[in-house]
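Single-structure report; data block below.
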Amino acid sequence: MWLSLVAHAVCASPWAYITNQGEHTVSVVDLAQQKVTRTISVGKAPVGVAVDSVNHKAYISNVEGRSVSVIDMHSQQVIQTLDLPVAPVGLTVSRSGDRLYVADWYHDAIVILDTASGKVLTHMGVGKAPGGVQLSRDGTTLYVANRDSNDVSVIDTRSARELHRIPVGQHPFGLNISPDGKQLYVVNVFSNTVSVIDTVTDQVTATIAVGDHPYCVVADSEGKRLFVTNTGEDSISVIDLSTQKQIQKVRVPGTPEGIAFDAQHQQVLIASWMDNVLVVLDARSLKLLPAIAVGAQPRAFGQFIGGTH
Amino acid sequence: MKLASSLLMVIGCMCTPLWACGPDPQRVIEQVDITASPAQVAQALQHAEWMPRWHPQVQTVSIHTSITGTAEGAPETVRSLQLRNGWTLQETLRKHADAAVLEDSFMQGGSFPVSQYRGVIRLKVAPDQQHVTVTWTGRFNNQANQMEAPPGQDNATAVAGITAFYRSGLQGLKVFVETQAMASP
């Protein structure tokens, strides 16, 4: 999201890249116009998104296609497909755009790619069934949610070594980091909680109750509130970070999955998988705005907002 | 939910499934239009013990309450279905914040060829209040919970199983509500 925030400060028209699992496409949503301006064919069953607003590329993980599609954000076309011997889920890109980190769910590993050449630099073991990935603000640490080992891997990106693992709740999946980088938020799907981790001590400092089967989390641009998608009950939990408590639940269309914060418009965007829409939530009033129709079974796992300079 | 008290019983343990949700969930959406009032459709669904009367695949149903299945330890309702083809399905029945949702279930166990299954039945009422559209949506993984699952436990089997279950069930519900079958003992 750091990249997204930078992009929001300098670009007029950010986009959301929404992976449509059911039709193997990505919907490109112009967030100023609040409509889909392009639908791009990618690999089979796309899930994850990472946006590099510096080099104007969006990376899409195709879990069944076992590949990563690279979209040029100027032409809004796929310019490269990286075939991988893995099942990619979550992915994120370094600040400069030179490295791509991809979670390999079925081999309990993280793949580090050189984005210029598309070559795999490292294939390193982490915990079981890694899903979400998140870089620290300075890019030196990669956090990986290991769903089946109930912990978060902490990886030094310079040495590509796993430093340690932080135990969290049952089945961690989505991750996000605070705007100041001091807190990491981890969604625990089976515990119905969010773990708050101090990124200096790498200790869990709070565990916050949310709704049923939560998947993904995002902080607002001021670091005051968290928004969590509850897939099992079709709602968004809104959390006040000063009290670390849920202050409201907002009912949304079916099976909300991916979530991101549009800092420019102060809106929360949520992909509702069952109803094929991108839900738009006003971050201040917590009122729903008109939803945007996207493709079939949208997931948008990761920080899916970015723009061009 | 109004339940026949004679069917209520406490079971000792309804174990949480140990499998994890896979990265490739499947979806089925089926719907039917029924010429009836919303109250009539709601009545049919709220009587969980009536399910064998309207769903042609369901042979028997039993309803239990479990006090161990939820994190808070609060009682929850569990429905156990025995299908005519031998499959079984145990589901927790939950309350949904949307009043239009008449049923929201989550799989706890059974041999139905899916995993991590959630089913939602939603009602949409026509302006004249005499017609309703009932939509049954399912999200689930294949039974093996693998991308390259063996035959019989794969996505195709899971989608076919849920699709047939929903289609025959909704057609059965339509006949049950629109004819006098519901009124008969």
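Residue numbering restarts at 1 for every chain, and letters A, B, ... go by the order of the sequence lines.
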B:H96 meets the side-chain hydrogen bond (donor to acceptor under 3.5 Å, both in side chains) criterion, sequence neighbours left out, with A:D234

With sequence neighbours left out, the residues meeting side-chain contact (heavy atoms from CB on, under 4.5 Å) with B:T137 are A:M274, B:I29, B:V120, B:T135

Heavy-atom closest pair (B:P25 atom, A:Q21 atom, distance to 0.1 Å) is O-NE2, 2.8 Å

Distance col, row A:Q297:CD vs B:D24:CG, nearest 0.5 angstrom, shows 9.0 Å

Looking only at heavy atoms, the pair that brings B:Q26 and A:W273 closest together is O-CH2, 3.2 Å

To the nearest 0.5 Å, atom CD of A:E64 lies from atom CD of B:E148 at 9.5 Å

CE (B:M147) and OH (A:Y106) are apart, to the nearest 0.5 Å, by 6.0 Å

Would the distance check show the side chain of B:R94 and the main-chain N or O of A:E233 forming a donor-acceptor pair, the cut-off being under 3.5 Å?
no

Pair count under 4.5 Å, heavy atoms only, with chain B: among A:G232, A:G254, A:S235, highest is A:G232

To the nearest 0.5 Å, atom OG1 of A:T255 lies from atom CZ of B:R27 at 9.0 Å

So NE2 of A:H213 and CD of B:Q116: to nearest 0.5 Å the spacing works out to 5.0 Å

Turns out that what part of A:V63 lies under 4.5 Å from chain B's heavy atoms comes down to both

